[in-house]
Asker: 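Handing you this structure, nothing more for now.
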Amino acid sequence: MEPKLDQDFHRLGAAFSSSVGLSSVRQEIPLRKLLIGLVAVGALATAGWFAAAWVAPILSPASTARQTAPPAAACPQVAPTTVGTIVVPAGPVAGFCQSELIMAAHIMNAARDDGIGSHTQAVGVMTAIGESGLRNLTYGDAAGPDSRGLFQQRDNGAWGTLADRMDPYTAASNFFHKLTSIDGWQSMSPTALAHAVQVNADPNYYAQYWSQAQSIVAALGG
């Protein structure tokens, strides 16, 4: 007498072969092997479907890029505008949009009018990024509550009137006048030069904005 498991396999095999017409296969292949093979094929098909539907999209380069790529900076779609001799695009340029790039153009124009080249123009833009984010601020901070404008210039008489400090071109001109009065300014590093003008707490603070400033000056034709 066959064990119960073998009997079950025979019954299942008979039913299967009768329904799909596999009587000849039943004669050549042991029923147990046939059923085990069918189960294995079904398992492989299920695994393949799961991999195609779930695993492949996760591991694909395009999917990875979509998940990890930072969102692009969005700027208002506006027409280019001209500031002095500089055409300012909508942006973004180095993460800044037209309203901030206009401030950079004023800084560059002030430097150009003083005969200052693109390297030192970028020092001015770098300083303004660090001080105000290229915004013409009407307020100061805890360290200088009377600071105003692009360069956060103090109300100490060194930077002119409030109107001077709030005018981007004039504020930039006063910044460059102070910069070019410093001994050895031509050979100083950008952050050291900005620090010498601004006298801020950290002489290395502005270095983090140097590459952005260079990109802006290059893009605006400096």
Side-chain angles (χ1 to χ4, degrees), residues 69-141 144 146-155 158-182 185-186 188-191 193-198 200 205-222:
C75 291
Q77 297 301 304
V78 295
T81 188
T82 301
V83 178
T85 59
I86 297 174
V87 177
V88 182
V93 175
F96 293 96
C97 297
Q98 190 180 79
S99 60
E100 292 91 12
L101 297 174
I102 287 172
M103 298 295 109
H106 284 301
I107 295 169
M108 293 167 61
N109 281 327
R112 287 176 174 180
D113 290 346
D114 281 344
I116 293 171
S118 60
H119 176 83
T120 309
Q121 291 172 31
V123 173
V125 173
M126 174 192 72
T127 306
I129 294 174
E131 293 291 348
S132 65
L134 288 178
R135 294 170 295 159
N136 201 24
L137 299 180
T138 59
Y139 54 87
D141 56 20
D146 59 346
S147 299
R148 296 292 185 274
L150 275 176
F151 294 92
Q152 287 290 276
Q153 293 162 335
R154 302 291 301 273
D155 185 18
W159 306 106
T161 65
L162 176 60
D164 291 335
R165 292 183 288 141
M166 289 302 302
D167 180 75
Y169 180 93
T170 303
S173 294
N174 288 334
F175 171 84
F176 287 116
H177 294 164
K178 174 71 179 294
L179 182 151
T180 54
S181 71
I182 297 170
W185 67 270
Q186 296 94 334
M188 296 173 69
S189 71
T191 188
L193 188 52
H195 172 69
V197 177
Q198 299 295 105
N200 64 318
Y205 167 71
Y206 301 101
Q208 61 190 304
Y209 306 113
W210 178 237
S211 62
Q212 286 178 291
Q214 289 179 300
S215 297
I216 290 170
V217 171
L220 297 186

Asker: For Val83, is there any backbone N or O sitting under 3.5 Å from a side-chain donor or acceptor partner on Asn109?
Answerer: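 Between the backbone of Val83 and the side chain of Asn109 there is a qualifying donor-acceptor contact (under 3.5 Å).
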Asker: Quick check for you: to the nearest 0.5 Å, what is the distance between Phe151 atom CZ and Ile107 atom CD1?
Answerer: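 Phe151 atom CZ to Ile107 atom CD1 measures 4.0 Å (nearest 0.5 Å).
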Asker: Please find the pair of heavy atoms, one from Arg112 and one from Gly221, that lie closest to each other, and give the distance.
Answerer: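 Looks like NH2-O, 2.8 Å.
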Asker: To the nearest 0.5 angstrom, please state how far the CD atom of Gln152 sits from the CG atom of Leu137.
Answerer: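 That separation rounds to 5.0 Å.
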Asker: Is any side-chain heavy atom of Pro190 closer than 4.5 Å to one of Thr127?
Answerer: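 They are not in contact (no side-chain heavy atoms under 4.5 Å apart), so the answer is no.
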Asker: Do Met103 and Asn136 come within less than 4.5 Å of each other through their side chains, counting heavy atoms only?
Answerer: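 Result yes, sub-4.5 Å side-chain heavy-atom pair found.
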Asker: Give me the atom names and distance for the closest heavy-atom approach of Ala219 to Val93.
Answerer: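 Shortest heavy-atom separation between Ala219 and Val93 comes out as CB-CG1, 3.6 Å.
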Asker: Determine the minimum heavy-atom distance between Ala105 and Ile86, stating which atoms define it.
Answerer: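 Looks like O-CD1, 3.8 Å.
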Asker: Can you tell me how far the CD1 atom of Ile102 sits from the OG1 atom of Thr82, to the nearest 0.5 Å?
Answerer: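 Answer rounded to 0.5 Å: 10.0 Å.
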Asker: How long is the gap from CD on Glu100 to CZ on Arg135, to the nearest 0.5 Å?
Answerer: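 So the CD of Glu100 and the CZ of Arg135 are separated by 7.5 Å.
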Asker: Can you confirm whether Thr120 sits close enough to Trp185 that some side-chain heavy atom of one is under 4.5 Å from a side-chain heavy atom of the other?
Answerer: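 They are in contact (side-chain heavy atoms under 4.5 Å apart), so the answer is yes.
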Asker: I'd like to know if the side chain of Arg165 reaches the main chain of Gly149, judged simply by a donor and an acceptor atom lying under 3.5 Å from each other, with no hydrogens or angles considered.
Answerer: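 Side chain of Arg165 to backbone of Gly149, a donor-acceptor pair under 3.5 Å: no, none is there.
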Asker: Give a yes or no on whether the backbone of Leu150 and the side-chain of Ser132 come within a donor-acceptor separation of less than 3.5 Å.
Answerer: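 Side chain of Ser132 to backbone of Leu150: a pair is present.
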Asker: Using the side-chain hydrogen bond (donor to acceptor under 3.5 Å, both in side chains) definition, which of the options Tyr209, Tyr205, Tyr206 pairs with Glu131?
Answerer: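 Of the listed residues Tyr209, Tyr205, Tyr206, the side-chain hydrogen bond (donor to acceptor under 3.5 Å, both in side chains) partner of Glu131 is Tyr206.
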Asker: Using modelled atom types and a 3.5 Å cut-off, is there a donor and acceptor pairing between side-chain atoms of Ser147 and backbone atoms of Gly144?
Answerer: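 Answer holds: yes.
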Asker: First locate atom OG of Ser173, then atom NE2 of His106, and finally report the distance between them rounded to the nearest 0.5 Å.
Answerer: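 Result: 11.0 Å between the selected atoms.
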Asker: Between Gln98 and Val78, what is the shortest heavy-atom contact and its length?
Answerer: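 Heavy atoms of Gln98 and Val78 come nearest at OE1-CG2, 3.4 Å.
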Asker: Quick check: closest heavy atoms across Ala213 and Met126, and the distance to 0.1 Å?
Answerer: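 Closest approach of Ala213 to Met126: CB-N, 3.5 Å.
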Asker: Nearest 0.5 angstrom please: Leu101 CG to Ile216 CD1, how far?
Answerer: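 Rounded to the nearest 0.5 Å, the CG-CD1 separation comes to 6.0 Å.
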Asker: Of the non-hydrogen atoms in Val87 and Leu220, which two are nearest, and what is the gap between them?
Answerer: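 Nearest pair, atom of Val87 first, then Leu220: O-CD2, 4.0 Å.
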Asker: Please determine whether side chain to side chain contact (heavy atoms under 4.5 Å, CB included) holds for the pair Arg148 and Asp155, giving the CA-CA distance in whole Å, both sets of side-chain angles, and the decisive distance to 0.1 Å.
Answerer: CA-CA 8 Å; Arg148 296 292 185 274; Asp155 185 18; over 6 Å; no
Asker: Side chains of Gln212 and Phe96: closer than 4.5 Å at any heavy-atom pair?
Answerer: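 Counting from C-beta outward, Gln212 and Phe96 do come under 4.5 Å.
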Asker: Treating Gln77 as the side-chain partner and Ala90 as the backbone partner, does any N or O pair qualify as donor plus acceptor under 3.5 Å?
Answerer: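 No; zero donor-acceptor contacts below 3.5 Å.
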Asker: Taking Gln121 for the side chain and Ile116 for the main chain, is one N or O donor matched with an acceptor at less than 3.5 Å?
Answerer: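 Side chain of Gln121 to backbone of Ile116, a donor-acceptor pair under 3.5 Å: yes, one is there.
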Asker: Please work out whether the ring planes of Trp210 and His119 are parallel, tilted or perpendicular, with thresholds of 30° and 60°.
Answerer: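 The arrangement is perpendicular - the two ring planes meet at more than 60°.
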Asker: Would you please name every residue forming a salt bridge (Lys or Arg N to Asp or Glu O under 4.0 Å) with Asp146, sequence neighbours left out?
Answerer: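 Partners of Asp146 by the salt bridge (Lys or Arg N to Asp or Glu O under 4.0 Å) criterion, ordered by chain and then number, come out as Arg154.
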